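What you see is a predicted model; the values in this text were computed from it and never measured.
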Amino acid sequence: MKTPHYRTSLLSACVASLLGLAPAALLAEPVGEISPLPAAQPLPGQGYPMELTQADLFRFQALPAYSEPTWVTELVEQGKLPPVAERLPREPLVFLESGMPDGVGIYGGVFRMVTGGRPEGWNYAAGKNSGWGGTEYTVAECLTRTGPLTSIRKEEQTPLPNLARSWEWSEDGKQLTMHLIEGAKWSDGQPFGADDVLFLWEDNIMDPRVGAWASPGTYGEGTTLEKIDDSTLRWTFQDAFPTQYLYSMAFFRMCPGPAHVLKPLHPRYNDQATYASYANALSPSTLPVVTMGAWVPVSYTPDQMMVLRRNPYYWKVDEQGQQLPYMDELRFKLSTWTDREVQTVAGNADYANMENPSNYLESIRQSRQPDAKARLDFSPRILGWSLFLNLSEDLGVSDDRERAIRQLNRELGFRQAVSHAIDRDALAQSMVRGPFGRPYAGGLYPEGVVDEDSVAFYGYNPALAKELLAALGLEDTDNNGILNFTSGPAQGRDLEITMVTPDGTGEKAMAEGLVSMFREVGIKLIPLPLQGAQVDAALGNGSFDFFIRRNDSEYIQPIQLAEALAPVHSKTPYWHKGTDDKPQQLLPFERELVNLINQFTNEPDLGKQLEILNQYNRVFTENLYHVGLVSMPGALILSKRLKNVPPGTPILSFQWAEDAIMRERVWVAPQDRLEELMPGKLPFVN
């Protein structure tokens, strides 16, 4: 162990006054010790992502001829459906074989999934969710797409075209002209075009009485959208080249619903409608669903099963002209999230995201059996748990103890002490034995978008933690093993800190270890178990000392929610919120983070964006903006039947993996097909 460095603080008296601590103790202040982040260990069955260019993946192109499953052609011959060429856009989206791990597919079969979600309804334009676990990505197609970027090399990870096939910026960067696919149709055969997007914008996003997934501010205050013609839109922004908005035009924010269905249900166009009736108009039992997605929900039995069949008007094809999707039926068993993993490992479903580390070892054991039906594909460690110290000086403070804790939280020396008190290797092993967990310093994941050398890591060093706490004037004055405040309003009181602990397996496992580790350095940590709405309330009103939870996705791919990475306004981050009455009091490094995030969001060059993110991560981790605990891999549980699943796809990156694996391209060999529940069923046809 290195000897800690010491520094003399000219502000020690002021700090001591704020904390109610002894000034003399701060004259020689130890400094936290930065060490290299421990190397990542290889994972069993780890897949490594493809590194394609965008040009390898797809292009928009008219092909000489198109085809479809034989049974669909029979419906065409019976006069029940137009020929496939008439159902496709002028230039469909063509998936290229160069981007397919197993090549061009063969028609037929069923894709089975299990979900713990339930659909609220099909009006996703008005903010209703359509079930989660994969159903939502099935019914909603958006202007851009980001999920498949996990297969694209890092320097080209900019939003992919989708319903918007191309776009160009004006010379001053304040206007974006966007070209939609021409001649595409909804699943009921009605044309798709600019009016659908304009309805989403004007009558949902811009209407404050509609709870749309996006808000006017999502794309910058003062932004406007206008229709140029049926396949052309023009955005006008206040800032120049706000390229990050293209990420926000992907799932779920700019996914237009069918205006020809929804407009007559909207209060602006129907005197008999209310905003509540509009939002709830398309109930889960309103079937079949009008969608631009690859499959159409046609049957829904509450708490049992949802069946989706191929969309006869789907606007994507493969390089040979085969209209996608390859599989005719997609179905969801409606169960629980835990059952999702169990059923897929057992071979009763084809796909699941495994994100509960306590299940890893047993799932690996089962997947290695000679008759195993499923395989595991582990991805990088981008599931991270952190300890969030409330940095708000007075928001949610109700007594002197809480006020004293907030002042401690705002001291870098205290945050360093907290980090040095934590044995992250032990925490990782408490979640799952083996090489899975890795110490996590906080901030952006080094196995994600940033470089390893951007990480400042304060590793396990309880002796140094004690010195840092002593330098803050904390002393065990009553010999009970817990440090005391030695002056100020909390004088004589034990250093007791409550930690909000959500009801998650990882949080509960680590909370027990943290209690013991903190006790070793003289801190009494008191877990406060909360669930659901209680957790949201604590975050919302700032009524917590510490908070342990799994990070959100902005630490994986920050471009899609960069505002959450720094206090760019009073609502972020959730561990340093402010109100008009109790505004944020930003620390100097927080202002630096705000500057870096503003640079990042306004920088159009992807290479320069990555440089800024590395700078950001260094400032974040040096100052311990939150205290990282452990990062874990996720794994895709995949039926061995499935072909064309990109290797190494993380369960969550730009989007959840249900979107990243591009299910419309996934296929099964004829000998591996399973019986369909609704063979021959084609939505809106028979």
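Between Ala125 and Ala212, the shortest heavy-atom contact is O-CB, 3.6 Å. A pairwise comparison of heavy atoms in Leu282 and Leu262 identifies CD1-CD2, 3.6 Å as the closest pair. Closest heavy-atom contact between Ala184 and Trp315: CB-CB, 4.3 Å. The two residues Leu677 and Glu329 come nearest to each other via the heavy atoms N-OE2, 2.9 Å. Residues Ala635 and Ile651 come closest through the heavy atom pair O-CG2, 3.3 Å. Nearest heavy-atom pair, Gly347 versus Lys373, reported as atom, atom and distance to 0.1 Å: CA-CB, 3.6 Å.
Applying the salt bridge (charged side-chain N to carboxylate O under 4.0 Å, His left out) criterion to Arg368, with sequence neighbours excluded, gives no partner residue. Scored by the salt bridge (charged side-chain N to carboxylate O under 4.0 Å, His left out) test, Glu658 finds Arg340 as partners (sequence neighbours excluded).
Contact check on Asp318 versus Arg665 returns no salt bridge, with no Lys/Arg side-chain nitrogen under 4.0 Å from an Asp/Glu carboxylate oxygen. Ion pairing of Lys154 with Glu156 is absent here, as no side-chain N (NZ or NE/NH1/NH2) approaches a carboxylate O to less than 4.0 Å.
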* Criterion side chain to side chain donor-acceptor pair (under 3.5 Å) on Arg112 and Thr344, from CA distance to verdict -> CA-CA 9 Å; Arg112 305 164 302 159; Thr344 309; over 6 Å; no
* Between Glu202 and Arg268, is a salt bridge (charged side-chain N to carboxylate O under 4.0 Å, His left out) present by the stated rule, with each step listed? -> CA-CA 11 Å; Glu202 293 180 345; Arg268 186 172 293 174; 5.7 Å; no
* Pair Trp337-Trp132, ring pair (Phe, Tyr, Trp, His ring centres under 6.0 Å): steps then yes or no -> CA-CA 11 Å; Trp337 296 115; Trp132 308 125; 9.1 Å; no
* So Asn280 and Lys128, side chain to side chain donor-acceptor pair (under 3.5 Å) or not? Walk me through it. -> CA-CA 8 Å; Asn280 297 305; Lys128 291 296 178 181; 2.9 Å; yes
* Asked: Where do Glu91 and Arg165 land on the salt bridge (charged side-chain N to carboxylate O under 4.0 Å, His left out) test, with the steps shown first?
  -> CA-CA 10 Å; Glu91 292 185 328; Arg165 55 166 294 158; 2.5 Å; yes
* **Derivation of the side chain to side chain donor-acceptor pair (under 3.5 Å) call for Glu141 and Asn162** => CA-CA 8 Å; Glu141 292 274 1; Asn162 202 48; 2.9 Å; yes
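Each side chain to side chain donor-acceptor pair (under 3.5 Å) pair with one or both residues in residues 670-686, not counting sequence neighbours, appears once here: Arg309-Glu676. The ring-ring contact (aromatic ring centres under 6.0 Å, His included) analysis of residues 276-314, with sequence neighbours excluded, yields the pairs His266-Tyr278. Note on residues 49-58: pairs passing side chain to side chain donor-acceptor pair (under 3.5 Å), not counting sequence neighbours, are Thr53-Asp56, Gln54-Thr158. Residue pairs satisfying the side chain to side chain donor-acceptor pair (under 3.5 Å) criterion with at least one member in residues 249-263, sequence neighbours excluded, are listed as follows: Asp188-His260, Ser248-Arg253.
The closest side-chain donor-acceptor pair between Ser283 and Thr286 falls under 3.5 angstrom. One side chain, Ser653 or Gln557, offers a donor N or O that lies under 3.5 Å from an acceptor on the other. In this model, no donor atom of one side chain and acceptor atom of the other lie less than 3.5 Å apart for Trp186 and Asn311. Counting only N and O atoms by type, the side chains of Ser67 and Gln322 include no donor and acceptor under 3.5 Å apart. In this structure, a donor-acceptor pair under 3.5 Å is absent between the side chains of Thr338 and Thr336. Side-chain polar atoms of Thr274 and Ser277 form a donor-acceptor pair below 3.5 angstrom. No side-chain N or O of Thr224 forms a donor-acceptor pair with one of Arg234 less than 3.5 Å apart. For the residue pair Tyr269 and Asp203, a side-chain donor N or O sits within less than 3.5 Å of a side-chain acceptor on the partner.
Ring planes of Phe251 and Tyr137: tilted class, angle from 30 to 60°.
Of the possible donor and acceptor atoms, none in the side chain of Arg381 sits under 3.5 Å from a partner among the backbone N and O of Tyr445. With hydrogens and angles ignored, the 3.5 Å screen pairs no side-chain donor or acceptor of Asn644 with any backbone N or O of Val666. Judged by distance alone, with hydrogens and angles left aside, the side-chain atoms of Glu554 form no donor-acceptor pair with the main-chain N or O of Ala562 at under 3.5 Å. With Thr115 contributing its side chain and Phe332 its backbone, the two residues share no donor-acceptor pair below 3.5 Å. Looking only at distances, no side-chain donor or acceptor of Gln61 sits under 3.5 Å from a matching main-chain atom of Pro92. No donor-acceptor pair under 3.5 Å is formed between the side chain of Ser639 and the backbone N or O of Asp350. In this structure, Gln157 contributes its side chain and Ile152 its backbone to a donor-acceptor pair below 3.5 Å. For Arg87 (side chain) and Pro82 (main-chain N/O), a donor-acceptor pair under 3.5 Å exists by modelled atom type. Listed for the Thr232 side chain is no donor-acceptor partner under 3.5 Å among the backbone atoms of Ile228. In terms of modelled atom types and a separation under 3.5 Å, the side chain of Arg118 and the main chain of Ser335 share a donor-acceptor contact.
Rounded to the nearest 0.5 Å, atoms CE (Met249) and SG (Cys142) are 12.0 Å apart. Once rounded to the nearest 0.5 Å, the distance linking CG of Leu143 with CG of Leu160 reads 13.5 Å.
For an aromatic pair to be called close, the ring centres must be under 6.0 Å apart, and Tyr124 with Trp213 fails this. The six-membered or imidazole ring of Trp169 lies away from that of Trp235, with a centre-to-centre distance of 6.0 Å or more.
Screening Leu63, Val94, Val104 for a side-chain contact (heavy atoms from CB on, under 4.5 Å) involving Gln320 leaves a single residue, Val104. The only member of Ser130, Ser299, Pro119 that meets side-chain contact (heavy atoms from CB on, under 4.5 Å) when paired with Met306 is Pro119.
Around CD of Gln78, the count of heavy atoms belonging to other residues, nucleotides or ligands within 6.0 Å exceeds 12.
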